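First up is the structure itself, then whatever we jot down about it.
Note that this is a predicted model, so its numbers are computed, not measured. Quick note on labels: first sequence line is chain A, next is B, and so on, each numbered from 1. Note that these values count all heavy atoms, side chains included, but never hydrogens, waters or copies made by symmetry.
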Number of protein chains: 2
Amino acid sequence: MKIGELARRSGRSTHTLRYYERIGLLPPPRRDGSGQRDYDASILVWLAFLERLRATGMPIREMLDYAALRARGVETAQTRCNLLEAHRERVREHMCLLQASLEVLDTKIEGYHATLHEETSRI
Amino acid sequence: MKIGELARRSGRSTHTLRYYERIGLLPPPRRDGSGQRDYDASILVWLAFLERLRATGMPIREMLDYAALRARGVETAQTRCNLLEAHRERVREHMCLLQASLEVLDTKIEGYHATLHEETSRI
DNA sequence: GCTTGACCTGGAGTGCGCTCCAGGCCGTAA
DNA sequence: TTACGGCCTGGAGCGCACTCCAGGTCAAGC
């Protein structure tokens with residue numbers, strides 16, 4: 001699979017894919033006769049996983065740590081697992097904060113509705 | 001209240017408070033005899049509200065829109081309410097995405113646990 | 001043969017939200 | 001009186017995660 005197709009199928013731009021490779025988040029793929037990248041379909045799984053990490057706010061620096069551990073093989077499984085568990089905990093905390101802020105927002109909006117209703121009925 | 005105290009009480013740095021003022025997110029406070037900012041305690045309420053917007057991921061640009069509407073007075077209440085409601089909807093969507101990603105993370109971690117357990121019991 | 005479009009590289013640029021710096025003023029306490 | 005801490009300004013710098021550019025190669029279709 002060439003970079004354009006991978007971009008389409010993974011939802012990234014070709015720019016981003018090359019950038020990820022440059023910083024070490026994607027393994028360098030093999031190249032075809034004319035030097036163009038030729039990806040294995042399995043890379044889509046890795047990209048999908050990275051997207052979950054990204055969506056939950058993990059900084060790239062930390063993804064790099066994870067990727068480096070992964071490259072060192074099975075003996076780092078425990079460390080990777082710990083890393084993911086720590087991240088999960090942060091995500092949970094973030095969601096709690098969002099939930100609390102959402103409630104404040106609800107209250108604020110409710111206040112606007114009350115005021116606006118008063119305005120209307122006063123006319 | 002001087003800027004240092006406001007920083008302490010609002011959880012921002014003095015740098016950030018001056019920055020917010022510069023971009024129009026905080027109204028310019030009065031100054032004391034020697035030109036130092038002298039804040040009214042009521043500004044804490046506004047800062048706390050901004051913090052909720054920030055925590056839920058509203059870009060500063062949009063906070064500025066809100067602040068500008070607010071400055072125009074009561075006739076913009078409906079528009080401000082709409083703005084907050086649209087934002088609330090985005091936050092809800094974001095939370096759904098986080099929830100889904102959290103579940104993927106759980107599955108992944110579960111997989112690590114299974115593998116690690118297998119490793120252990122094979123020894 | 002020529003055009004088109006996808007690909008290549010190294011490096012510069014972007015937008016966001018701060019964060020810090022230099023150089024200076026002011027009021028209080030030792 | 002001098003040292004200190006906190007304040008002032010305009011403007012530069014930073015970290016992040018991309019995003020784009022110039023200038024080039026290459027394969028396929030007309």
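When each of B/R22 and B/G4 is assigned the nucleotide of DNA chain D with its nearest heavy atom, B/G4 is the one assigned upstream, toward the 5' end.
Between B/R31 and B/R37, some side-chain heavy-atom pair lies under the 4.5 Å cut-off. Side-chain contact between B/K108 and A/R88 is absent, with no heavy atoms from C-beta onward closer than 4.5 Å. A/M95 has its side chain within reach of B/M95: a pair of non-hydrogen atoms, C-beta onward, lies under 4.5 Å apart.
With A/Y39 as the aromatic partner, A/K2 does not meet the cation-pi criteria of under 6.0 angstrom to the ring centre and within 45 degrees of the ring axis.
Using the six-membered ring where Trp is involved, A/Y66 and A/W46 have ring planes that are parallel, under 30° apart on the 30 and 60° scheme.
Of the residues in residues 5-21 of chain A, those placing a heavy atom less than 4.0 Å from an atom of DNA chain C are A/R18, in numerical order. Taking a 4.0 Å limit (strictly below) on heavy-atom distances, residues 86-100 of chain A does not reach DNA chain C anywhere. Within residues 25-35 of chain A, the residues approached by DNA chain C to less than 4.0 Å at the level of any non-hydrogen atom are A/R31, A/G35, in residue-number order. Of the residues in residues 37-61 of chain B, those lying under 4.0 Å from DNA chain C by heavy-atom distance are B/R54, B/P59, B/I60, B/R61.
Closest approach of B/G4 to B/T14, counting heavy atoms only: CA-CG2, 4.0 Å. Taking every heavy atom of both residues into account, A/L47 and A/S10 meet most closely at CD1-CB, 3.8 Å. Smallest separation of non-hydrogen atoms from B/L98 and A/A55: CD2-O, 3.6 Å. Closest heavy-atom contact between B/M1 and B/D38: N-OD1, 3.0 Å.
For the pair A/I3 CD1 and D/dC26 P, the interatomic distance rounds to 18 Å; values are reported in whole Å. The nearest whole Å value for the distance from the CD1 atom in B/I23 to the C1' atom in D/dG11 is 16 Å. As rounded to whole Å, 9 Å separates atom P of C/dC8 from atom NZ of A/K2.
A/T56 places a side-chain N or O within 3.5 Å of a backbone atom of A/R52 that can act as its donor or acceptor partner. With hydrogens and angles disregarded, a donor-acceptor distance shorter than 3.5 Å links the side chain of B/T115 to the backbone of B/G111.
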Would you mind writing out the side-chain donor-acceptor pairs for residues 57-65 of chain B within the sub-3.5 Å range, not counting sequence neighbours?
unit_1: B/E62; atom_1: OE1; unit_2: B/R90; atom_2: NH2; d: 3.4
unit_1: B/E62; atom_1: OE2; unit_2: B/R90; atom_2: NH2; d: 2.8

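Checked against side-chain hydrogen bond (donor to acceptor under 3.5 Å, both in side chains), A/T16 has the following partners two or more places apart in sequence or in another chain: A/S13.
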